[in-house]
Structure formats: C-alpha cells, structure tokens
**Student:** 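Okay, here's the structure, questions in a sec.
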Amino acid sequence: MAFLCLLSASTASAADLYVSTTGSDATGTTGSQSNPFRTILRASQAAITGTPTTIHVAPGTYSGSFLTTKSGTAAARIRYVSDTNPTTGARAKIVPPNATATTGIMWENRGAYVDIDGFEFDGTGTRMPNGLLNQGSYVTISNNDVHHIAARSDQACNGGGGSGINIVDSAFTTFMTGTVVTRNKVHDIGNNCRFIQNIYISTRATVTNNLSYNNPGGGGIHLWHDAHEVTIANNTIVNTQWGIIVGGGDYYKYSGPADYVNVSNNILVNNVYGVNLSGDVGSHNTYTNNLVYQNTYNFSSGASHSGTVIAPPRFVNASAGDFHLAAGSLAINAGSPTFAPSVDLDGNPRPVGGKYDIGAYEHGAAPPGQVLTFWERDSEAGSTAGYWYKQALVNGVVVWESDVTADGTGWQSHSVAINPGAASFDLRFRLISKAGVSNYPISFHVDDVSIGGLTVANAGFESSTDWTYAENNAAFTGAYDSSFHGGARSYKLSYPGATASAAGDASSVTQQVNVNKTLTFWEKDSVAGPTAGYWFKQALVDGVVVWESDVTADGTAWQSHTVNIAPASPSFELRFRLISKAGVSNYAVAYNVDDVAINGVTVTNADFETAAGWTYAENKTAFTGGYDTGVFHGGAESYKLTYPGATTSAAGDSSSISQTLQN
C-alpha cells in the first residue's frame, strides 16, 4: 500500500496477540493472527505494559510448567483468553510437560492486573501437584476447567501440598490484594491426601460462583497462611473431605488471624465438615445462608451461623455433572443478597424474581447467551493500520472488531459470545473507517454465519434475500460475491481507493434474528365431523399452551405446525395433550403426533420410532396412549392419544405425552 494521504490522525488502540499450536517463537514472529506465537510465555513477554493487551490462545494442547511475570495496569490489563472451537467446544488445554514430574506448576503467574480466562488445566495421568498458581495482585481467574490434578494412585502426599487453583502470598510479591476467583470448575483433584486442595486461598481474595467437587482428601475451598478479608459466596462444593476450611497459620507476611471472612450462599454436600474452622480464626467472620447436607459445621467457641438450610440440594443430575438446581430445591430463593455476585456460573443475571438462590447456579435464570460464529476475509495484506476496520454488531453494539491489517487476506473463522436480551435483535456486519485516508481500496467478505440455537436466514449468502445493505457514503458498494468460504457466494462490502474516506464512513449488511426457538411438529386426529367445542389438541411448554386446535378444525390428514416458543429456564417441559373442554358422550377421538423438532434443542426420540424419551400421563383411566405402527407421518410410528366413545367425558379430562428438554 503506497501514497497514503492522512485526513485525520489515527489513535492508539488495544493490542491483540495470538498463540497457536502451529505458531512459532522464533525471531521475526509478530504474534499477529496470521503469524502467531507458539507459547503463552512468549506472547506474555511481547505484551507492553500500559497498552491494554488481549492474548488469544487457540484451541489445542500446550505444555505447562511456565511462569508469566508481565504486569498490566488498572487502565490497561493483560488478558489471557482461550478461544473455543464452536463445533467441539474444545479450548486451549494446559498439561504437565511429562507424566513423571512430581513437583512444579502448570502455569504460575506473578504479573499484576492480569486476567486468565477460559482455559482447561488437565493433569490426567500425571503427578505434577499444581494447576494454576497466582502471586499477582488484581488478578481475575475465571471460566477455567481445572481437573485431575495430582490424582494418580501413586501421588505423593506431603507438606509440599498441591492444588487446582492456588492464590498465595510469597517472597515474590508484596502483600497481595484484589484477586478474584470466579466461575471456575475445579474437580477430581487429589488422591485422598489432606494436603491437596481444589481451591487454595492464602491472601485477600473474592471467591464466587465456583463449582468444586470430588476431592477425597482435601478441601473444596481452603483458607490458610495469610488468608483474611476473603468473601466466599455462591459456590457449590460436593464430595470433598472438607467443604470450606477457614483458618490461618504458617504466615508469610500477615500475622493472623483469618478474620473478616464472609462465607455466604454456598452449597456444601457430602463432606466430613461443610465449614471447618482451623488454626487462627478471627471474631469478625460471618457464616450466612449456606445449604449443608450430609455434613455439619465444625465451629470453635463463639462462632455462629444463620440462615442455614439443612436439606438435599436437589441438583438436576449430579451423577452426570449437572449441579443446576431442580424445581423444588430449598436452595431456591434462600440466599442472602449481601455478598451475592450479580451473575451466576453460567453468566446469567442474579437474582431471578427479586430473590437470590444458594449455590453457583441461579434457578430460572435466562439461558446463557448464544455464540455467534462466522467466516470473514479482507483484501488488505499490508501493515498500514488504524484506518479501516471490520466489525460484527448486535443491536448496534460492537461484539467483534479487527483492523483489516491484522489477519492477512485468507478466510478466518471467529466465535463470539453474545447475549441479545430481547425476542429479536439486529445482527450487522460493518466496514468502517476510523481515520480519514485516501488511496486505500478495501473490501470485506462475510460468509457462513451461525448462532447456536437460533436460525439465521440465508446464513451462507447463497440467495439475494434476508440481508439489508446500508451505507452513509455513496462510494461504498455492497453485493453478493462469487468469492466464498462455503457454498458459491459470500457478501462483499467495498470502498474504492479513488475516493478519500472520512472517519465514520461505513457500509453494512444486516438482518433481524429471532431469539425465540421454533417448535415444529406434525399431527392429525380422527374427527371429520362438525361438532366443535368438546375435544382439543394442544402443545404446551412448561404447562403453558403454545398451540391449540379443535379436533373438528382441520380434517383428518397430517398437518404441520410451526410455533415460536421462548422457554426461559435451563430446562423445560414439552407436552402434547388431548383435552376435553366440555363433557360429552359417544364422541370417540384420537390424536397422533409425529416428527417433533426444536431448533437448537435435542428432542429424544423426536420421531417416536422407539419407546424412549416420552412420558405418558392421564387423569382418567379411559384414555390410552401408545406408539402407533399403523399411522405415521415419517418413519414407521407416531404417538397416539385416544379416548373411547363408549365413555362420557367431563371438562378437564386429558391425557398427554411429555419430556423435559435442555434449553
């Protein structure tokens, strides 16, 4: 790119560095998306203190046993972020360098003002005793999955200890503060050793929304050494030797005791002690609104607790690792607002209905935000940055952005978490000038758009429908283009080099996306006559009728129906019902259902070809329900609800089939 004429000054922006298993740490590697580093350590060394920096780590397996020391600042943090494969869910995985190491740490951080977000720490089959250890102030550790650390049968058990996540003052730091450990899953840690903990806190910290389970010898959350001024709120801790240990001793910088510790809204299940006080414990600690079950408190003289719930937690499916609260749990609405975080482990807002739950998950919260995935490329291979940017926007808010110089000219895939928060939203891809420039022709292609659980019309840009083009400068062009990632076309936004741009010049392609899910099914009934007002066919979501028809309304042939539904919980009940609304005699009726589908949701046995998934119910024994091999829309069976003509019905008589689905 030559002969650039600057019309306005460009401004400094945040830096993005990239790490990939196919990258290189050799001299000349820039850490750009097209020229990534090979290791997290090398990317850390390239970060510039004072410049907000995000280090993107691609999915793949990375050898651990490294130390990061680069610090950010309060206004310019350093963020280590694991990307996620949108198809498999795989993320960047940190593992020990070998299976024989019996000491060491997979990742040790001593930098301040740092975020470590979204990584997997996998110690399966190895004996390295520590996953992630932090010794920097103002560090947030979030959304990580830490598991099978120090869990081998021949694991050493000694005072050297071990942990999944360890936050500790030491000789390398001043007295630490500002650490946040939130929304992590830490599980299957240790092998019956009391020195190995899931989450170990030895300084000031906030510990919220973590799921900690399966440690036969250690603690779910263990406070020791310099621990004080610690908030432990809305964690779920199951199957550990001790749930939460509050204590101090063996000090590094603080003279004790463990004081001003607040333990609130935690679920503690199947531990020897739910909360255990040990060593030096102060008099200003609080223990409020915790659910304890199959354990108890082990308190020293003078300590007390309040708002305690002693009852089974009623998890959705603990054996399958689902620790969300099921309907009827006494943890629902039993929490305190005092120390509760504003979101839960899934990132959903707290509270629901004005009352806080106990545990890491808020019951009835809106489902997690969707993931927007798309492919894009641009025409710029040069290095003149700061002028043209590619963007994705949701309801006018930029959710993804890249300078056209950042990533070469090849097709790139991006996955972005979005949370539209409305029944429909505006999805927009935009090419925008941020600083005026002349003689800078540019084009931006988009293809193969998807949003998990939602329908994007013409997502591959294969037809000239559904997307709307807009511009604020007539020099732009927008058109379907024969360059493509998949299929035969993409969408291309262009600006010519012959026309100078001004900051804010932009063109875009947009469509409205419906957030509601779509229920589709086929049905038929046996009634051809005109006697209406008695028997009705229905579809219900969580007990609310979302579709209904009198059996006389539509003949006896198979009919297809499509209904928008908006289930608000992590799981919901789908039901098909045959119901009498007025008593009648000598009115035989049958209602068949087949080929059920909901976008983004797995319906077990959706075509009724096997006797699985669905539950039959009736409130009168005259009804029958069963799989029908003689009548079907697709395959070889449907499901049939029947009432005989020989038995008089009363208003409210009904039979149904249902199943509970994961939203």
Side-chain angles (χ1 to χ4, degrees), residues 81-82 84 89 91 115-121 131-132 140-147 164-165 167 179-189 198-199 201 205-215 220-221 231-240 243-244 263-269 289-291 313-327 329 331-337 339-353 355-371 417-419 421 452 568-571 662-663:
V81 178
S82 168
T84 302
R91 57 175 96 181
D115 300 322
I116 298 176
D117 188 343
F119 293 86
E120 180 181 2
F121 291 79
L132 173 59
T140 296
I141 295 170
S142 60
N143 303 306
N144 300 288
D145 184 5
V146 186
H147 62 92
I165 295 175
I167 312 300
T179 301
V180 177
V181 180
T182 186
R183 297 172 59 192
N184 302 284
K185 296 180 180 179
V186 187
H187 57 97
D188 298 287
I189 306 295
N198 282 21
I199 299 174
I201 305 295
T206 299
V207 186
T208 61
N209 287 330
N210 298 286
L211 176 60
S212 172
Y213 61 98
N214 293 357
N215 185 336
I221 299 173
T231 294
I232 304 173
N234 288 95
N235 302 282
T236 295
I237 303 172
V238 181
N239 297 338
T240 62
I244 297 172
V263 179
S264 182
N265 296 352
N266 301 285
I267 290 178
L268 305 155
V269 176
N289 299 78
N290 299 292
L291 183 148
R314 291 199 63 177
F315 297 127
V316 169
N317 190 348
S319 62
D322 188 345
F323 294 93
H324 289 82
L325 299 175
S329 170
I332 297 171
N333 296 337
S336 165
F339 302 105
S342 60
V343 298
D344 71 354
L345 193 153
D346 285 331
N348 298 321
R350 294 182 190 269
V352 173
K355 294 184 178 180
Y356 292 81
D357 295 347
I358 299 174
Y361 297 101
E362 191 80 359
H363 180 75
Q370 288 80 24
V371 175
I418 62 174
N419 196 347
S569 300
S571 63
Q662 298 304 307
N663 203 0

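Any value given below was found using the heavy atoms of this structure, including those in side chains, with hydrogens, waters and symmetry copies removed. Only a predicted model underlies this, so the values are computations on that prediction, with no experimental measurement involved.
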**Student:** Between Ser264 and Phe339, which heavy-atom pair has the shortest distance, and what is it?
**Tutor:**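 In this case the closest contact between Ser264 and Phe339 is CB-CD1, 3.8 Å.
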**Student:** Quick one: does any side-chain atom of Asn239 pair with a main-chain N or O of Tyr213 as donor and acceptor, under 3.5 Å?
**Tutor:** no
**Student:** What's the spacing between Ser336 OG and Ile358 CD1 if we round to 0.5 Å?
**Tutor:** 9.5 Å
**Student:** Enter the distance from Asn214:CG to Asp188:CG here, rounded to the nearest 0.5 Å.
**Tutor:**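 Separation between the atoms: 4.5 Å.
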**Student:** Apply side chain to side chain contact (heavy atoms under 4.5 Å, CB included) to residues Ile167 and Ile141 and explain how you reach the verdict.
**Tutor:** CA-CA 10 Å; Ile167 312 300; Ile141 295 170; 3.5 Å; yes
**Student:** Considering all heavy atoms of both residues, which atom of Phe119 and which atom of Asn144 are nearest to each other, and what is their separation?
**Tutor:** N-OD1, 2.7 Å
**Student:** State which residue, out of Val181, Val207, Leu268, Thr240, fulfils the side chain to side chain contact (heavy atoms under 4.5 Å, CB included) condition with Ile221.
**Tutor:** Val207
**Student:** Does a side-chain heavy-atom distance below 4.5 Å link Val316 with His324?
**Tutor:**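 Contact flag for Val316/His324 side chains = yes.
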**Student:** Check the orientation of Phe323 and Phe315. Use parallel for under 30°, tilted for 30 to 60°, and perpendicular for over 60°.
**Tutor:** perpendicular
**Student:** Any chance the side chains of Thr208 and Thr182 put a donor and an acceptor closer than 3.5 Å?
**Tutor:**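 Side chains of Thr208 and Thr182: pair found under 3.5 Å.
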**Student:** When rounded to the nearest 0.5 angstrom, what is the spacing between CG in Asn210 and CD1 in Ile199?
**Tutor:**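 Atom-to-atom, Asn210:CG and Ile199:CD1 are 4.0 Å apart.
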**Student:** What's the shortest heavy-atom distance between Tyr356 and Ala340, and which atoms?
**Tutor:** CD2-CB, 3.5 Å
**Student:** Distance only, no hydrogens: is a donor on one side chain within 3.5 Å (strictly under) of an acceptor on the other, for Asn333 and His363?
**Tutor:**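 On atom types as modelled, these side chains do not qualify, holding no pair under 3.5 Å.
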**Student:** Got a donor-acceptor contact below 3.5 angstrom from the Ser142 side chain to the Asp117 backbone?
**Tutor:** no
**Student:** Could you state the interatomic distance from OG1 (Thr236) to CD1 (Ile267), rounded to the nearest 0.5 Å?
**Tutor:**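 One gets 4.0 Å once the value is rounded to the nearest 0.5 Å.
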**Student:** Closer than 3.5 angstrom, by distance alone: can the side chain of Asn235 be matched with the main-chain N or O of Ser212 as a donor-acceptor pair?
**Tutor:** no
**Student:** Is there a donor in the side chain of Asn265 and an acceptor in the side chain of Arg350, or the other way round, less than 3.5 Å apart?
**Tutor:**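 Not at all, the side chains of Asn265 and Arg350 share no donor-acceptor pair under 3.5 Å.
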**Student:** Using atom types as modelled and distance alone, determine if a side-chain donor or acceptor of Asn209 lies under 3.5 Å from a backbone N or O of Val343.
**Tutor:** yes
**Student:** Using every non-hydrogen atom in the two residues, find where Gly243 and Ile237 come nearest and quote the distance to one decimal.
**Tutor:**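 The answer is O-CD1, 3.7 Å.
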**Student:** Quick one, Asp344 and Asn234 - any side-chain contact, counting heavy atoms below 4.5 Å?
**Tutor:**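 With C-beta onward as the side chain, the pair stays apart.
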**Student:** Exactly one of Ile165, Val146, Leu132 should register a side chain to side chain contact (heavy atoms under 4.5 Å, CB included) with Asn184. Which one does?
**Tutor:**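 With Asn184 as partner, side chain to side chain contact (heavy atoms under 4.5 Å, CB included) holds for just one option, Ile165.
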**Student:** Can a salt bridge be assigned to the pair Glu120 and Arg91 using a cut-off of 4.0 Å between side-chain N and carboxylate O?
**Tutor:** no
**Student:** Taking Asn289 for its side chain and Ala334 for its backbone only, find out whether a donor-acceptor pair lies under 3.5 Å.
**Tutor:**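 Yes: the side chain of Asn289 pairs with the backbone of Ala334.
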**Student:** Compare every heavy atom of Tyr361 with every heavy atom of Leu345, then report the nearest pair and how far apart it is.
**Tutor:**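 That closest heavy-atom pairing would be CD2-OH, 3.7 Å.
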**Student:** Measuring from atom CD1 of Ile244 to atom CG of Asn266, what distance do you get when rounded to the nearest 0.5 angstrom?
**Tutor:**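 Nearest 0.5 Å value for the CD1-CG distance: 4.0 Å.
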**Student:** If you compare all heavy atoms of Ala331 against all heavy atoms of Leu291, which two are closest, and at what distance to 0.1 Å?
**Tutor:**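 Where Ala331 meets Leu291 most closely, the heavy atoms are CB-CD1, 3.9 Å.
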